[in-house]
Every structure is written in structure tokens, then in C-alpha cells.
Asker: 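My questions will all concern the structure given below.
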Amino acid sequence: MSKVRVRFAPSPTGFLHVGGARTALYNWLFARHHGGTFVLRIEDTDLARSTEESVRGILDGMRFLGLDWDEGPEVGGEYGPYFQTERLELYHKYVQQLMEAGRAYECFCTPEELEAQRQAQREQKLDIHYDGRCRHLTEEQKGAYRAEGRKPVVRFVSEKEGQTEIPDLIRGSVVFQNSQIDDFVIVKSDGVPTYNYAVVIDDALMEITHVVRGEDHIPNTPKQIQLYKALGFPIPEFAHIPMILGSDKTRLSKRHGATSVMQFHDEGYLADAMVNYLALLGWGYDDSQTLFSRDELIEKFSLERVSKNPAVFDFQKLQWMNGVYIRELTLDEFYDHAFPHLQKAGLVPAEPSEEEQQLIKTVLKELQSRVKLISEVVEMSRYFFTDDFPYNEEAVRKVLGKGDAKGVLEYLRAALASVSSFSHEELEPVFNGAMEEFDLKLGKVIQPLRVAVTGTNVSPGIYEVLEIVGQQRTLARIDRALDWIAQGE
RNA sequence: GCUCCCAUCGUCUAGGGGCCUAGGACAUCGCCCUCUCACGGCGAAGACAGGGGUUCAAAUCCCCUUGGGAGUACCA
């Protein structure tokens, strides 16, 4: 096989979404696996919808996921430029070639006329195709249209006989009857090429060897193959990967939840988890492995093993996997990820002192096995960093509202006040004492204390919590809880 | 409507004629650990869409039906 060159070619009309990210990932994995080149090309020929902001968003998404490109925006390369709007002369050159060869012609039909044609075809239940009426316009007729002020598009003279076969690494081969392919537009009236045309010129000129893209492009492919043939370009290999669907089995979109990669980042998903999950959405290795490091992915990925059927995006599984990756982080790494969230929430100073950092790490150590999203550290740790934490209404009512609570807390208040440190050794006898005093199980003693100190009935182990919160604040919080109980009486 | 793609547990998948009384993971449900939660451990339930073939033998090959998806633009 000649040196592998693949590309990810998004159109900058929105942020990088998970579908695009997965396509980019598969291209990237394929390139890395074969020691090939991964090209990033921006398909911005839709002048009305393309924005620079989107370009930045896509680049940010790629960087977040760690999908580095060998050629493309910011890094350049020998096959540039990598923005289609900067390649206009190239496209025009080949349009000339096509026109001279009689494989393209100007069409002056207006959108309205075309719509009327389609409508008529629909009514007669005919196949909906451009009828080729402008194919043989005389110079005179063209002149007349121009005089009217009409701006022509350029259409490709498609082959109508026979069939076109798409060689597809994932699906075997897909065959289309050429009679289905009409004279499609390759240059719009504003002179900008259409997708189907530009993509062929670019993939050919950039010497792309494997076109890996979404299944939604299958119907475009025969058109593109005809173009390759008409232009005398070698035809690349194709691999059409399945769609990603939402839980209702329709194409994944915003209404199914977050789809922007950067939104996942903001919510506390780790790049490695995203990559691992996305890789598994439509690809599987064997009958047992689900966790793959990047290197393993590169080593084991192959297009042949990509699934043919569409995959439903499972937020729960992604979340589980994110939890797995969070637990694998070293404490320092977890700190680096969590700190911005804590800081943004105002729970920790922007530039914490050494002791403050230590405290944060002590807290995070307790949280690491409990969060599935990094962002969850904020609400899970609030009571460690501030006395201004909310009472979880239901938990408080359930635990502090019980008859035992008052007596237990009063007992603990006194006992804990007389202890010299909040170490496990000093604390344990206190709890034992309370258990005896009230003839309660440990849980019944601890829950009121937990709620008093954290405002909720779910927290890390009580010894850890008390040690971090410390004696003074613990006593104050017990007082607050006692007040709450008193108010209810 | 027409064209094309697809079809194994709720979800992602393993399976490419006998190894399948169909394996794994998430989710679900039990149990264990246990001060709550999480983590961890153990276990349960759960699928070859239907019908025809081919074959000694089919989840695996072929056909049809059904179901889902995509495309049908001067969007990409």
C-alpha cells in the first residue's frame, strides 16, 4: 500500500460534534496505525453559513481530544492551502478542463424553474432529476440569458449508461445505476464550487488514499467517482462509517443532549474517556476488551472491524467510562482537572497557598472514586471549603427530624468538644460511647452527625470528613443542626 | 415516491457454517463489603426481527417480508 493519507474535512458551520469527532478519530487512528498522514481540511464553500468562530471551535475540539493533524490549518503542509475558499483557482482550472472535454456545461435555470421541474416530476411520480435542458444551449441562447442578468451554474455531464461501483472497506462494494445520477451542479452561480466537486479535486490533489467519512455520504460517492474518472484521477479507497443515533434511533442532535465536544469538556469529561468511548461506538476489537489506551487503540484499530450498523449514543456508558478514567488519574492529575471547576465556583482561591493546595488534595482524594464528571467535585465538596453550604431538605428532614437526633447530637457535641484531636483513634470511642448510651447502631449515631456536618446524608467516610472539617467547625455545625431541630419543635 | 445502507440482550458489541445450552461491557435487579454514598467483589435477568431456502449442520450463506436509517439542494 502506498503511504496512507487520510483527511477529516469538516465544514465550519457549527462546533465539533460527537459525530464529526468520531469520524476524525477513526481517520486519525487509521493514519497513526499505518504511520500515515492525517490531514485537516476546512470545507468552507458554504459562504453563508461558514464562520471563523466555528473553525476555532473545531480546532479546539480536535486539540482537546488530542487529535493532532499533520497538515492543515496552523501547521500548513505541502498540499495546501487547506481552506477550500483559498483554493478557488484550482477548482476553476479543472472546470475549464471539464468544459473543454464536453463533460460540463453552463446551466441558466433559476432555482424557481428547477423547483417547478421537480414538482412536475413528483406529480407524475417520475424520478426526480434535472432534465438536462441546458445541456445543448447555443451561444445565442446563453447570450440572451446573460443579457437577462442570469448567472449560470456549471453542471457536470454525468454518465447515464451502466453502473458505478463504490469500493468500500466496510461494506464490501456498493453499486449504483448511473441512470440515477443526474447532471449535478459543480459550480454555483456565485462561482464557488459545490461540495461534491470540491471534495474530489481536493482529495485527488492532496493525494488522499482513503476517504473515511459518514455513511450519509454514500449517495454522493457515485457522483464523485464519475468526477474522478472524468478528470483522470486515481480513485481512493472508501470507508463509510455508520451514523450515530440518539436514544430514539434518529440521527443524534442537540435535542438528545450535549453533542458539542467542547460542551463535554466543560461538563467534566476527560479526553481519554471520550476517545475510548467514541472509538467503541462503531468499532469493537474482541469479545472482552472495552478499555483501551490511546496506544492500544492505534495498535488495534482497523477499518475492517468497523461495524456496519448505526450506533446509539449512550450517555450512561460514557459517564461510567469517564469515572473509570477519573479513578485512574494520579491525585495531582485529578487536582489539575478539578481545580478550575473549584476555582470557578469560588470555593478555592485562584492562587492557593501550599497548605491550601494540600487541603484541596485531601478533599479530592475522598472524591475521586465518587465522581463521574469532574464538574461534580464542586457540589460534592462545598461543605469542606465553606460554612455556607445548603441543607439537603429531604435528607435533613429524614435524619434530623427523627426523635433520636437531638439527643445524639447533644451527646456528640459534648463528647467531641472534649476530644484532643479528630483522629480516628480519638473519634472511635466517642461513637462507641454514643452507641451504648442510646443503644443504637453505629449508623444511627453517625447519620445525624453526617447531616449536621455536610448538610446531606451522602458523603465520604465520617472519619475523613470530620478530620478535614476539624473540631471547631464541626461543633459549630452541630449547633446549627440543633438550632434547626429546635425550630421544628 | 425513488435510490442506497443496515438488522445479535434496553444500549455498545463478540461471533465470519459445527467451539453457541450465543461471550463481554453499560444500564437494571439481588447479595457481599460497610457509618451513608461511591469504589470493589459475586450473582441474576436479558438478544440471534419474521418466513423461505442452501447444507449432514446456520446467529453465521442466499432470497423475500418487515423494521430502522440515510440521500434525493446553486448544504456539506
Side-chain angles (χ1 to χ4, degrees), chain A residues 9-13 43-46 48-50 84 107 109-111 114-115 118 121-122 125-129 151-155 166 168 170-171 174-177 179-182 184-196 198-199 213-222 240 242-243 245 247 249-251 277 280-291 305 307-321 323-324 327 366-372 380 395 399 431 441-447 449-451 454 456-463 465:
Chain A
S11 68
T13 54
E43 308 216 324
D44 55 354
T45 54
D46 185 343
R49 295 196 301 146
S50 297
Q84 290 189 323
C107 166
C109 295
T110 64
L114 293 171
E115 186 45 48
R118 283 192 284 262
Q121 287 167 337
R122 261 191 290 272
K125 297 205 193 278
L126 296 169
D127 284 4
I128 295 167
H129 283 140
K151 293 252 199 285
V153 299
V154 179
R155 286 182 184 273
I166 307 173
D168 191 294
I170 295 171
R171 286 152 218 281
V174 181
V175 178
F176 284 83
Q177 296 306 315
S179 56
Q180 291 295 322
I181 303 168
D182 60 2
F184 58 94
V185 174
I186 59 176
V187 180
K188 302 178 234 177
S189 57
D190 61 1
V192 179
T194 60
Y195 164 74
N196 275 123
V199 74
R213 70 204 341 178
E215 179 182 27
D216 47 333
H217 285 289
I218 291 179
N220 289 322
T221 311
H240 288 100
M243 298 281 90
L245 312 178
S247 50
K249 303 263 191 174
T250 64
R251 196 173 172 156
Y277 179 72
L280 247 34
L281 246 201
W283 173 84
Y285 181 65
D286 61 17
D287 64 353
S288 59
Q289 191 173 2
T290 54
L291 265 13
R305 290 197 64 84
S307 162
K308 287 195 276 259
N309 25 353
V312 174
F313 193 90
D314 185 350
F315 289 88
Q316 277 189 313
K317 188 161 185 177
L318 203 214
Q319 220 169 82
W320 161 78
M321 195 171 277
V324 171
R327 275 171 249 134
E366 298 306 320
L367 263 32
Q368 195 165 0
S369 71
R370 290 168 229 264
V371 298
K372 290 201 162 60
M380 279 193 194
V399 179
F431 297 143
K441 288 196 183 170
L442 183 58
K444 297 286 183 192
V445 170
I446 281 176
Q447 276 308 79
L449 181 58
R450 167 172 279 120
V451 170
T454 70
T456 174
N457 55 355
V458 173
S459 84
I462 196 69
Y463 291 104
V465 169

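These numbers were taken from a predicted model, which means no experiment stands behind them. Only heavy atoms go into these numbers, but all of them, side chains included; no hydrogens, no water, no symmetry mates. A, B, ... follow the sequence lines: proteins, then strands. Residue 1 opens every chain.
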Asker: Please determine, by modelled atom types, if A:Asn309 and A:Ser307 share a side-chain donor-acceptor pair under 3.5 angstrom.
Answerer: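 Short answer, yes.
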
Asker: Establish, with yes or no, whether the OP1 or OP2 oxygen of B:rG71 is under 4.0 angstrom from a side-chain nitrogen or oxygen of A:Arg251.
Answerer: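 Affirmative; the distance criterion is met.
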
Asker: Give A:Pro111 one of three labels, base, sugar-phosphate or nothing, depending on what nucleic acid heavy atoms sit under 4.0 Å from its own.
Answerer: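 Base contact.
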
Asker: When the aromatic ring centroids of A:Phe315 and A:Tyr277 are compared, is their separation below 6.0 Å?
Answerer: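 A:Phe315 vs A:Tyr277: aromatic centres not under 6.0 Å.
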
Asker: Using OP1 and OP2 only, check whether a side-chain N or O of A:Lys372 sits under 4.0 Å from B:rC39.
Answerer: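 Yes, A:Lys372 has a side-chain N/O under 4.0 Å of OP1/OP2 on B:rC39.
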
Asker: With sugar-phosphate meaning primed atoms plus P, OP1 and OP2, does A:Pro460 contact a base, only sugar-phosphate, or nothing at under 4.0 Å between heavy atoms?
Answerer: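 Contact class for A:Pro460: base.
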
Asker: Check whether any side-chain nitrogen or oxygen of A:Asn220 sits under 4.0 Å from OP1 or OP2 of B:rC75, and answer yes or no.
Answerer: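 No, because none of the side-chain N or O atoms of A:Asn220 sits under 4.0 Å from OP1 or OP2 of B:rC75.
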
Asker: Side-chain N or O of A:Arg49 versus OP1/OP2 of B:rA73: is the shortest distance under 4.0 Å?
Answerer: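 Result: no.
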
Asker: Rounded off to whole Å, could you give me the NZ-to-P distance for the A:Lys308 and B:rA14 pair?
Answerer: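 Rounded to whole Å, this separation is 10 Å.
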
Asker: Students often get this wrong, so: under 4.0 angstrom with heavy atoms, is A:Ser11 touching a base, only sugar-phosphate, or nothing?
Answerer: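 Sugar-phosphate contact only.
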
Asker: Would you please test A:Gln447 and A:Arg450 for side chain to side chain donor-acceptor pair (under 3.5 Å) and show each step?
Answerer: CA-CA 5 Å; A:Gln447 276 308 79; A:Arg450 167 172 279 120; 2.7 Å; yes

Asker: On RNA chain B, does the nearest nucleotide to A:Arg327 precede the nearest nucleotide to A:Arg450 from the 5' side, or the other way round? Give the residue.
Answerer: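 Per heavy-atom nearest nucleotide, the more 5' residue is A:Arg450.
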
Asker: Compute the ring centroids of A:Phe184 and A:Tyr195, then answer whether they are less than 6.0 Å apart.
Answerer: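 No, too far apart.
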
Asker: What integer distance in Å separates A:Trp320:CH2 from B:rA25:P?
Answerer: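 These atoms are roughly 9 Å apart.
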
Asker: Side-chain N or O of A:Thr45 versus OP1/OP2 of B:rA76: is the shortest distance under 4.0 Å?
Answerer: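 Indeed, a polar side-chain atom of A:Thr45 lies that close.
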
Asker: Between A:Lys249 and B:rG67, is there a side-chain N or O to OP1/OP2 distance below 4.0 Å?
Answerer: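 Negative; the distance criterion is not met.
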
